[in-house]
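Worksheet: one structure, shown below.
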Amino acid sequence: MAEQKILGVILAGGLATRMGGGDKGRLEIGGESLLSRVVDRLSAQVPDLALNANGDPTRFADLGLPVLGDSVDGFSGPLAGVLAGLDWAAEQGADEIVTAAADTPFFPMDLVARLTDAAEGMTHPLVLATTPRSGKEALKSGGRGRVNRHPTFGLWPVALRDDLRAALEDGLRKVVLWTDRHDGREALFVAEPFDPFFNVNTPEDLERAEALLT
């Protein structure tokens, strides 16, 4: 898949209700915003990058990135951001995108490479990042029991963007329902000493992220 053109899309379209609203990615740890850390990590892995966010795009002008609003009416969750990214990537002549969440500052530096390796041989490369479950978490239902699937971290094919658009217009919102429909694969990442897909949802999470920097 080395000849495939893969672009990056940062998903920042969430409502951040548990943080009181606003742009959660602008929160800082170690004197740098979560979003800036995500930009640095993903831009090192792809040739070009865009940001999916709704509302006034000029508030992100300092990042120097294309800002992509959802093309589906209403708050439709991460899949709407994925679709916006796929439409943008199609305009750039790209084959796939890799997405990352704006509130997840420690995701792996080999994310893109590992996702594309897992997609080897697929007609339409579609892969979600996962980490192992352990202890009590392993007994919970969902996520196929053995792993946590991280639906905002994935490899998505431009070729399926119209299929995704139709699914969203039909009311589909859950990422894994759509990826399972297309026999999406998983790329397993280690979760030691902590899950690299740990994201900041609450003030307590922000404190933990600050501690994890050390």
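Residue numbers run from 1 in the order of the sequence given. Quick caveat, the model's predicted, so the values are computed rather than measured. Keep in mind that the numbers below use all heavy atoms, side chains included, and drop hydrogens, waters and symmetry copies.
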Quick one: are the ring centres of Phe106 and Phe194 less than 6.0 Å apart? yes
Do any N or O atoms from the side chain of [X] and from the backbone of [Y] form a donor-acceptor pair under 3.5 angstrom?
X      : Y      : answer
Asp56  : Thr58  : yes
Glu96  : Gln4   : no
Asn54  : Asp70  : yes
Thr130 : Glu186 : no
Arg133 : Val147 : yes
Asp95  : Lys5   : yes
Arg185 : Glu120 : yes
Asp205 : Thr202 : yes

At their closest point, which heavy atom of [X] faces which heavy atom of [Y], and how far apart are they?
X      : Y      : value
Ala129 : Leu115 : N-CD2, 4.0 Å
Ala119 : Val127 : CB-CG2, 3.6 Å
Leu42  : Gly8   : CD2-CA, 4.0 Å
Ala211 : Thr214 : O-OG1, 2.6 Å
Arg41  : Phe107 : NH1-O, 2.6 Å
Val38  : Thr104 : CG2-O, 3.5 Å

How long is the span from the [atom1] atom in [X] to the [atom2] atom in [Y], to the nearest 0.5 Å?
X      : Y      : atom1 : atom2 : value
Glu210 : Arg208 : CD    : CZ    : 13.5 Å
Ser43  : Asp48  : OG    : CG    : 10.0 Å
Leu172 : Leu164 : CG    : CG    : 8.0 Å
Leu206 : Leu34  : CG    : CG    : 6.5 Å
Thr179 : Leu160 : OG1   : CG    : 11.5 Å
Leu63  : Ser33  : CG    : OG    : 7.0 Å

Would a 4.5 Å heavy-atom cut-off, applied to side chains only, mark [X] and [Y] as touching?
X      : Y      : answer
Pro125 : Thr116 : no
Leu126 : Leu155 : no
Leu128 : Trp156 : yes
Asp163 : Trp178 : yes
Ile10  : Asn52  : no
Leu111 : Gln45  : yes
Phe60  : Arg26  : yes
Leu83  : Arg161 : yes

I'd like to know if the side chain of Thr131 pairs up with that of His150 as donor and acceptor (distance under 3.5 Å, no hydrogens or angles considered). yes
If you measure from the Lys or Arg side-chain nitrogens to the Asp or Glu carboxylate oxygens, is any gap between Arg37 and Glu28 under 4.0 Å? no
Would you call Arg149 and Asp180 a salt bridge, taking side-chain N to carboxylate O under 4.0 Å as the test? yes
For the pair Arg165 and Asp87, evaluate side chain to side chain contact (heavy atoms under 4.5 Å, CB included) and give the outcome as yes or no after the intermediate values. CA-CA 10 Å; Arg165 194 185 328 277; Asp87 286 341; 2.9 Å; yes
Apply side chain to side chain contact (heavy atoms under 4.5 Å, CB included) to residues Thr152 and Leu11 and explain how you reach the verdict. CA-CA 7 Å; Thr152 53; Leu11 301 177; 4.0 Å; yes
Could you please spell out the steps behind the side chain to side chain contact (heavy atoms under 4.5 Å, CB included) verdict for Thr99 and Ile97? CA-CA 6 Å; Thr99 55; Ile97 63 171; 3.8 Å; yes
Would Val67 and Arg59 count as a side chain to side chain contact (heavy atoms under 4.5 Å, CB included) if you check the C-alpha gap in whole Å, the side-chain angles of each, and the deciding distance to 0.1 Å? CA-CA 10 Å; Val67 180; Arg59 71 190 193 277; over 6 Å; no
Cluster check Met109, Phe189: I/L/V/M/F/W/Y, side chain < 4.5 angstrom: no
